[in-house]
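Data block below; observations after.
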Amino acid sequence: MSLTRQIILSVFFLSAAIVGAASISGAARGVLARIGIDAAPLALNPAPQTEAPARPSRRAVQVITAEVAQLETAAELRTIGTGRALRSVAVYPRDVGLVETFTLQPGTRVEEGDILAALDQDEEVIALRRAEIALEKAQTDVARYTQLAGRNAAAQVTLDDAERAYQEAELDVTEARLALEHRLVRAPIAGIPGIAEVEIGDFLRADTRIAVIDDRSKLRIDIDVPERFAARIRIGQPVEARTVALPGALFAGEITAIDNQLDPQSRTLHLQAVIENADDVLRPGFSFSVILRFPGIAMPAVPALSVQWDAGGAYVWAVRDSKAARVPVLVVERRADQVLVRGEIAPGDVVVTEGVHNLRPGVEVADAAEARPG
């Protein structure tokens, strides 16, 4: 290679190095300027400088929302009670003695005053006859002394004694009749007697129970209600009762008695309700499921899907000014697809039902249903 050609190549590569340095470093251009070389025409066209693009704003979270409704609470109390006869009376004899006749038929209705049994009564019959004879004699004496006193043949004192004897004889007859009546066992009330506990020939004492008669034209149900309902119970309040013994049957009644104080142990109030038993299908001792209803209270109702839970309790995501707001609520009552709540929420407010897992307080939200094309 000739010397001239080497010199030309060296100048070419040196020029290329200078241009590259000038295009890369501003400091190199400064050095070239000091030695008299203008590197501006030699510099490669730099990339145009543009401003950094603005950070795009965060998009609104797509959710499904629903409007808060207003419903009344279904304020009802369900409790269990035991049925009893409207009146239930155990039958005892009023005297002692042997049972001579017995007409009581278990399960057959009796009326008040019907004779159920009779004790031996020979002595009482004799005593009554003697008292009646003495009364007849006293009556005859009064008549005779009255005539004599009218003719001044007898003293007034004698007539007075005869009249007193007559009055005493009347009392003796009444007493004898009462003793004879006590030898009969009568039904104290109208109703249905149970199985008899004595037979003919048994010797009865005053504490011998013969049978129990139930008036079950209506049934009383003993129930206990929690303390929170105590102030809302009223005499005459309607009740509904059902029993497993008669599936599907509904019996209407009302509250007839309220205890005057709560049980301090169970914190419950004792009540008595009476239900109709006109067809005599109910029996004392049946268990009943009793329902008491109370006037409802209007409260906000939100979809069940909108209610969320965490360690602090229940809450919903409300949409306020297109932003999510976490609102704590207290669940009052659950329905099939609605939940009645109490909290800083009102009918007409909007709550999120779907997409809640992407929400944070203050995040902008948009209803996905509204964004869908019609």
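Just so you know, these numbers use all the heavy atoms, side chains as well, and skip hydrogens, waters and symmetry mates.
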So, do [X] and [Y] sit near enough that their side-chain heavy atoms are less than 4.5 Å apart?
X	Y	answer
Pro93	Ile210	yes
Ile64	Val352	no
Arg283	Arg216	yes
Val68	Val351	yes
Thr353	Thr65	no
Met299	Gln70	no
Val274	Leu219	no
Glu132	Arg177	yes

To check you understand the geometry: which heavy-atom pair defines the closest contact between Leu135 and Ala169, and what is its length? CA-CB, 3.5 Å
What pair of heavy atoms forms the shortest contact from Gly194 to Pro106, and how long is it? O-CB, 3.4 Å
Does [X] [atom1] have over 12 foreign heavy atoms under 6.0 Å away?
X	atom1	result
Asp207	CG	yes
Arg186	CZ	yes
Arg232	CZ	yes
Glu344	CD	no

Could you point out which residue of Arg164, Glu163, Glu170, Glu168 forms a side-chain hydrogen bond (donor to acceptor under 3.5 Å, both in side chains) with Tyr166? Glu170
From the options Asp222, Asp259, Thr256, select the one residue that forms a side-chain hydrogen bond (donor to acceptor under 3.5 Å, both in side chains) with Gln272. Asp222
Dump the intermediate steps for side chain to side chain donor-acceptor pair (under 3.5 Å) on Asp214 and Ser88, then the final yes or no. CA-CA 4 Å; Asp214 290 335; Ser88 186; 2.5 Å; yes
Parallel, tilted or perpendicular, judged at 30° and 60°: which one describes the rings of Phe286 and Phe288? tilted
Do Arg326 and Tyr315 meet the cation-pi criteria used here (NZ or CZ under 6.0 Å from the six-membered ring centre, within 45° of the axis)? yes
Considering the options Val339, Ile345, Leu71, which one meets the side chain to side chain contact (heavy atoms under 4.5 Å, CB included) requirement together with Pro300? Ile345
Do NZ/NE/NH1/NH2 and the carboxylate oxygens of Lys218 and Asp215 come within less than 4.0 Å? no
Tell me if a side-chain donor or acceptor on Asp120 pairs with a main-chain N or O of Gly97 at a distance below 3.5 Å. no
